[in-house]
Protein chains: 2
Amino acid sequence: MNPVNLKLLAQKLNLSIATVSRALQDSHEVSTQTKERVKALAAELNYQPNAYASSLRRNVSKTIGVVIPEVNNHFFSLAINGIEAVARQQGYHVLIYLTHEDHDREADITQYLTGGRVDGLLMSVAASASQDFSHLKKLYDSKPAIVFFDRVCEELPTASVTTNDYESGYLATQHLIEAGCRHIVHLMIAGNLSIGRMRMQGYHAALESHGIAFDETLVVNGSDDDDGNTHLITDLLRQRPEIDGMFASVERLAISSYQACQALGRAIPADVKIVGFSNLGVASLLNPALTTITQPAYEIGREAATILLRAIEKKHPILPSQSVVLNSTLFPRRSTARD
Amino acid sequence: MNPVNLKLLAQKLNLSIATVSRALQDSHEVSTQTKERVKALAAELNYQPNAYASSLRRNVSKTIGVVIPEVNNHFFSLAINGIEAVARQQGYHVLIYLTHEDHDREADITQYLTGGRVDGLLMSVAASASQDFSHLKKLYDSKPAIVFFDRVCEELPTASVTTNDYESGYLATQHLIEAGCRHIVHLMIAGNLSIGRMRMQGYHAALESHGIAFDETLVVNGSDDDDGNTHLITDLLRQRPEIDGMFASVERLAISSYQACQALGRAIPADVKIVGFSNLGVASLLNPALTTITQPAYEIGREAATILLRAIEKKHPILPSQSVVLNSTLFPRRSTARD
DNA sequence: CTGTTAGCGCCTTCAA
DNA sequence: TTGAAGGCGCTAACAG
């Protein structure tokens, strides 16, 4: 299969490569006729410019990278949808990398990404126990624009798109308190995540302002082992029958908490009330009492991509002041066909 | 920020670019000492080869593309997980493109992809009404290796990774029949999909072999509008009170069917029994009666990526005979902590 | 309006 | 074992 490149087109048309190139870019300095001729042949031969040659020459790749912990997670899926929509609209390609919450993997990935492969990066950091962000700093120094979303690395002076996590945590907890709960478990994901801290602080503050003592033993650190989490919660519920409420700061923990209650035969919401983060429409179907907090995941993706691409196009650096905080939707009931 | 490239390294080391290049590739024809020197400096300056220059020169990109309808869908999320795992392990990058079930969009995307941007392509075709695969044929002729997964374009002589859809459809329907159902709705996604046809044929055959007449009016073609689907099903259930079973060939239709029953106050499984494809663990939590068929999505992704990358690496063409059919898991109950 | 030329950064003959 | 040179395909000066 002989390659269809500018040289071939030029030969067939008795033109120079440069003219063909210009014609295909609708340059003003090419006669309308030759433009037509060139484009006609290009279409006929199904010419497609070599992206790598072009990237090499112009030093831009029209490609962004998305680095996230998992894709098998409704929040990130929806975010990718938003990212892809914006990228596509602006002619950008999207490379995807999954860290699986692994710090070393994340470091590996960011390492590769310093090679000019991407013009910019959208990132949600892995929930590693370590506080070591040296790989991110290296990446940041190297070149590409970075915008964080949801899970932020606060040590880099760049923009981020997040949700009102503190407030959500506060309201979720307050909701439980107002519903009569006095012994509220906080289910959070292990690791050192900005969002985890914020939600935790909201939980803490809500307890305090309602005169309920913070009980450290009611805080559960989940892992990425769902069954393990369910066991953890089941055991806690068994040992502490006074528990009457749970605030799950991650979707899968909300589901685990639901399963734990089922396993023990404790009724929801009669015995235990649950409020959980969930970006999955179905979760609220599980039980009308499983109150949910939904993040605007798609919009987060769109917003983050928009900020990033704007900066790339205009060659502006990205400043922390461009950060955006969106609001989660609290306590919606998923409408059924009959509402 | 001055770029760290071979030239720079060569200058600093008083070596030629060629030697530096060879040293970094562990070429046999470079002395151990200079290799050390080169690598040391490269590490110190955090040298990262320019991927585009390399791709241009070697005419391989170490990049594969994944073209799927949606990412916000457990099946595809899981598949991507599998794909990414294999790709990463073999040093490949993954570009992602979403068609949103739109034929024109799919054509656009495949058009871009003929430019040598990817060495290969994993694809699950959009559920368009049209039978027009000319864009795929063009792509196929152009160069990159293609492996289809789940949703196949049967007109291209390449490999695919699918599941036993006919059998699943048959067994699902048989399950309902054996449970006493006589008026079984088939909920399928609109469009011209290989998997839809296979599952439909299974449904059809099961009815036939159990002496139940096929009733065309019990086949519902859903769209990608979930609420619309729920309404559609609700209306059907209202008009045809004799309906006692539903087979949903897509996850979201399973959920819609559940919601429709709820809306009408029809008990599951007492009044209506449902069997549905679902790759989402939670779905079976909805109701123990919502029996599920689960595809090995992660393995499908792994398998498809493995076939593709093997072909790329060995520069073998991909043959239809390399196709793989994996088995879905039928009727599992998601185990709870207490099982 | 069109052609010539000079690279982008890298790899790979060929020659020393 | 190393260096010099050419070129992957494309773009962007600079000439004409």
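Reminder, nothing fancy here: chain letters follow the sequence lines and each chain counts from 1.
- The interatomic distance linking B:Arg22 (CZ) with D:dA5 (P) rounds to 14 Å, in whole Å.
- Atom OH of A:Tyr52 is separated from atom P of D:dC10 by 14 Å (rounded to the nearest Å).
- Comparing C:dT2, C:dT4, D:dT1 by their nearest atom to the side chain of B:Ser31 picks out D:dT1.
- One finds no side-chain N or O of B:Tyr47 lying less than 4.0 angstrom from the OP1 or OP2 phosphate oxygen of C:dG9.
- The distance from atom CD of B:Gln25 to atom C1' of C:dT13 is 14 Å, rounded to the nearest whole Å.
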Practice task
Please report the C-alpha distance between B:Arg105 and A:Glu84 in whole Å, then the side-chain angles of each, then the deciding distance to 0.1 Å, and finally whether the salt bridge (charged side-chain N to carboxylate O under 4.0 Å, His left out) criterion is met.
Solution key: CA-CA 13 Å; B:Arg105 203 153 169 162; A:Glu84 206 264 357; 3.6 Å; yes
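- Phosphate proximity of C:dT2 to A:Thr19: absent, as no side-chain N or O sits under 4.0 Å from OP1 or OP2.
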>> Before you tell me yes or no, could you show the steps for B:Lys39 and B:Asp26 under salt bridge (charged side-chain N to carboxylate O under 4.0 Å, His left out), namely the whole-Å CA-CA distance, both residues' side-chain angles and the distance that decides it to 0.1 Å?
In response: CA-CA 10 Å; B:Lys39 287 185 183 173; B:Asp26 256 337; 2.9 Å; yes
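- Listed nucleotides D:dC10, D:dT2, C:dC10 differ in distance to B:Asn5; the shortest reach to its side chain belongs to C:dC10.
- What separates CG of B:Asn59 from P of D:dG9 is a distance of 7 Å, to the nearest Å.
- In this entry the distance linking CD of B:Gln33 with P of D:dT2 reads 8 Å, nearest Å.
- The interatomic distance linking B:Arg58 (CZ) with D:dG9 (C1') rounds to 17 Å, in whole Å.
- Counting non-hydrogen atoms under 4.0 angstrom, B:Leu6 reaches the backbone sugars and phosphates but no base.
- Using a 4.0 Å cut-off between charged nitrogen and carboxylate oxygen, A:Lys35 and A:Glu29 do not count as a salt-bridge pair.
- Between A:Tyr52 and B:Tyr52, the ring planes are parallel. Angles under 30° get that label, and only those over 60° would be called perpendicular.
- Between C:dT2 and A:Thr34, a contact under 4.0 Å exists linking OP1 or OP2 to a side-chain N or O.
- As a whole-Å value, the separation of B:Leu56 CG from C:dT12 C1' is 14 Å.
- Comparing D:dC8, D:dT1, D:dC10 against the side chain of B:Glu29 picks out D:dT1 as the nearest.
- Across the protein-nucleic acid pair, B:Leu8 atom CG and C:dC10 atom C1' stand 15 Å apart, rounded to whole Å.
- The side chain of B:Leu15 lies closest to D:dG3 when the candidates are D:dG3, D:dA12, C:dC10.
- For A:Ser61 and A:Asp119, the side-chain atoms include at least one donor-acceptor pair closer than 3.5 Å.
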